[in-house]
Amino acid sequence: MTATVVVVGAGRMGQGIAAALGFGRVDVTLVDLRDRGDGAEAYLTAARAAIRLSLERKIRFGLLAESDLPGILDRIRVVGPEVVVPAEADLVFEAVPEVLDIKRATLAWIESAVGADTPIASTTSSFLVSRLAEFVARPERLLNAHWLNPADLMPLVEVSPSAATAPAVVEATCDLLSAVGKTPVVCAASPGYIVPRLQALVMNEAARMVEEGVASATEIDRAVRIGFGSRFAVLGLLEFIDWGGCDTLFHASNYLRDELGKRFEPAPLVQQNMASGRRGDTGGGFYDIEPTALNDYRAQRIATFARVLDATGQLHRYDDLPRQTVRDAAGVPSTRPAGGSQN
């Protein structure tokens, strides 16, 4: 039986979610609640075109056969508020603008349109589910499901229940997301979820480095893409603490705190792990890995890292490198062959 989902809010996020769900073999009704007057039909037409374009990109990426596109598009309806939405929907995503009054009105509309037990997932990046729960009659069926942009491509969805959210609602939401190829992670109702909270710190620090003249924006972003992003595509931040040893982070953080400010103070849990000897590189830290399994674990991670670097064009093969290297750029003649092939 095909799942049926309603997405309320036909902006860029709603369009991306509808495309992702349709691609995942879900029947989707995308509802535009905004009063657009005489421009309503033109907007719906543009939304349909945007969804089609995102799916056509998947054809170019080799993720979708062109012959399958019509069937996917047939699963996606884009409608205005006057159209009756499926009351038997398995899930509703709220994806309207980040304005509290608009959220309140939209949640009221959703509750009037679907069944009393239908889970409702707000895609908000600004408001905690505990705040939005005040706007619904049955908070046990409400949670946040924060999709990352672009929603049709990014696999991660941060699922955040409130204390009142029923466990079955969390499970059903995660099951549906997994079924359409997404990766749900569950986090507490806390400002910034996981990814936005982390990236806010990193992005602000990058801006500070430009301001301080540490490096240009181009050089910082190059370092992030090649040295930061590629590593953390394989090793999570906490896993990387264990990988290098908690003592490395602890001592580096103390040095940076002394040089750059209190924002680099080691986290209390890092200090606790140092004091208790849970330094990670011997197998016990944020993760517990049996000492006998450490070598295999590290070999698997290194192999994955090599594949990531290779896929992004950053892993050089022996035969691609010059036969001889430049010894000294300041006065010593280069031993690199001048011009022509280096093979």
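Reckoned from all heavy atoms, side chains included, excluding hydrogens, waters and symmetry mates.
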Spacing of [atom1] belonging to [X] relative to [atom2] belonging to [Y], to within rounding of 0.5 Å:
X	Y	atom1	atom2	answer
I59	L64	CD1	CG	5.0 Å
L156	L177	CG	CG	10.0 Å
L63	D68	CG	CG	12.0 Å
I289	L294	CD1	CG	5.5 Å
I241	T248	CD1	OG1	10.5 Å
D242	L237	CG	CG	12.0 Å

[X] [atom1]: over 12 foreign heavy atoms closer than 6.0 Å:
X	atom1	answer
R34	CZ	no
R263	CZ	yes
Y255	OH	no
E212	CD	yes
D35	CG	no
R12	CZ	no
E41	CD	yes
D74	CG	yes

List the atom of [X], the atom of [Y], and the distance in Å for their closest heavy-atom pair.
X	Y	answer
R197	P191	CD-O, 3.8 Å
V85	A113	CG2-CB, 3.7 Å
D90	A3	OD2-CA, 3.4 Å
A18	I51	CB-CD1, 4.1 Å
L143	V129	CA-CG2, 3.5 Å
V195	E158	N-OE2, 2.7 Å

Could you state whether [X] and [Y] fall into the same hydrophobic cluster, counting links through intermediate Ile, Leu, Val, Met, Phe, Trp or Tyr residues with side-chain heavy atoms under 4.5 angstrom apart?
X	Y	result
I17	V169	yes
V78	V114	no
V159	V185	no
L30	I102	no
L69	I76	yes

When you compare the side chain of [Y] with that of [X], does any pair of heavy atoms fall below 4.5 Å?
X	Y	answer
I110	V136	no
R77	P86	yes
L132	L100	yes

Kindly assign one of parallel, tilted or perpendicular to the pair F93 and W147, based on the angle between their ring planes and the thresholds 30° and 60°.
perpendicular

According to side-chain hydrogen bond (donor to acceptor under 3.5 Å, both in side chains), does anything in residues 115-130 pair up with another residue at least two apart or in another chain? List the pairs.
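Counting only pairs at least two positions apart or across chains, the side-chain hydrogen bond (donor to acceptor under 3.5 Å, both in side chains) contacts touching residues 115-130 are E94-S122, E98-T124, E98-S125, E98-S126, D117-R138.
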
Output all residues satisfying salt bridge (Lys or Arg N to Asp or Glu O under 4.0 Å) with [X], sequence neighbours left out; order by chain, then residue number.
X	answer
R36	D32
E239	R301
E56	R52

So Y297 and W243, side chain to side chain contact (heavy atoms under 4.5 Å, CB included) or not? Walk me through it.
CA-CA 10 Å; Y297 154 73; W243 181 276; 3.8 Å; yes

Do side-chain atoms of [X] reach the backbone of [Y] as a donor and acceptor pair under 3.5 angstrom?
X	Y	value
K182	M154	yes
R75	G22	yes
R278	G285	yes
E140	T165	no
Q271	P266	yes
N144	S160	no

Distance under 6.0 Å and angle within 45° of the ring axis: does K58 meet both against F23?
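Cation-pi check for K58 and F23: passes.
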
If you apply the rule side chain to side chain contact (heavy atoms under 4.5 Å, CB included), what do you find for T106 with W109, and how did you get there?
CA-CA 5 Å; T106 301; W109 185 90; 5.5 Å; no

Dump the intermediate steps for side chain to side chain contact (heavy atoms under 4.5 Å, CB included) on L21 and L176, then the final yes or no.
CA-CA 9 Å; L21 294 171; L176 184 139; 3.9 Å; yes

Between N273 and F286, does the side chain to side chain contact (heavy atoms under 4.5 Å, CB included) criterion hold? Intermediate values first, please.
CA-CA 9 Å; N273 283 355; F286 286 95; 3.8 Å; yes

Hey, is E205 close enough to R208 for a salt bridge, meaning N to O under 4.0 Å?
yes

Table please: side-chain donor-acceptor pairs of residues 305-316 below 3.5 Å, with sequence neighbours left out.
{"residue": "R307", "atom": "NH2", "partner": "T304", "partner atom": "OG1", "Å": "3.2"}
{"residue": "D310", "atom": "OD1", "partner": "R317", "partner atom": "NH1", "Å": "3.0"}
{"residue": "D310", "atom": "OD1", "partner": "R317", "partner atom": "NH2", "Å": "3.3"}
{"residue": "D310", "atom": "OD2", "partner": "R317", "partner atom": "NH2", "Å": "3.2"}
{"residue": "T312", "atom": "OG1", "partner": "V308", "partner atom": "O", "Å": "3.0"}
{"residue": "T312", "atom": "OG1", "partner": "L309", "partner atom": "O", "Å": "3.2"}
{"residue": "T312", "atom": "OG1", "partner": "Q314", "partner atom": "NE2", "Å": "3.0"}

Between side-chain atoms of residues 218-232 and protein atoms elsewhere (two or more places apart, or another chain), which donor-acceptor pairs fall under 3.5 Å?
{"residue": "S230", "atom": "OG", "partner": "I226", "partner atom": "O", "Å": "2.5"}
{"residue": "R231", "atom": "NE", "partner": "G227", "partner atom": "O", "Å": "3.2"}

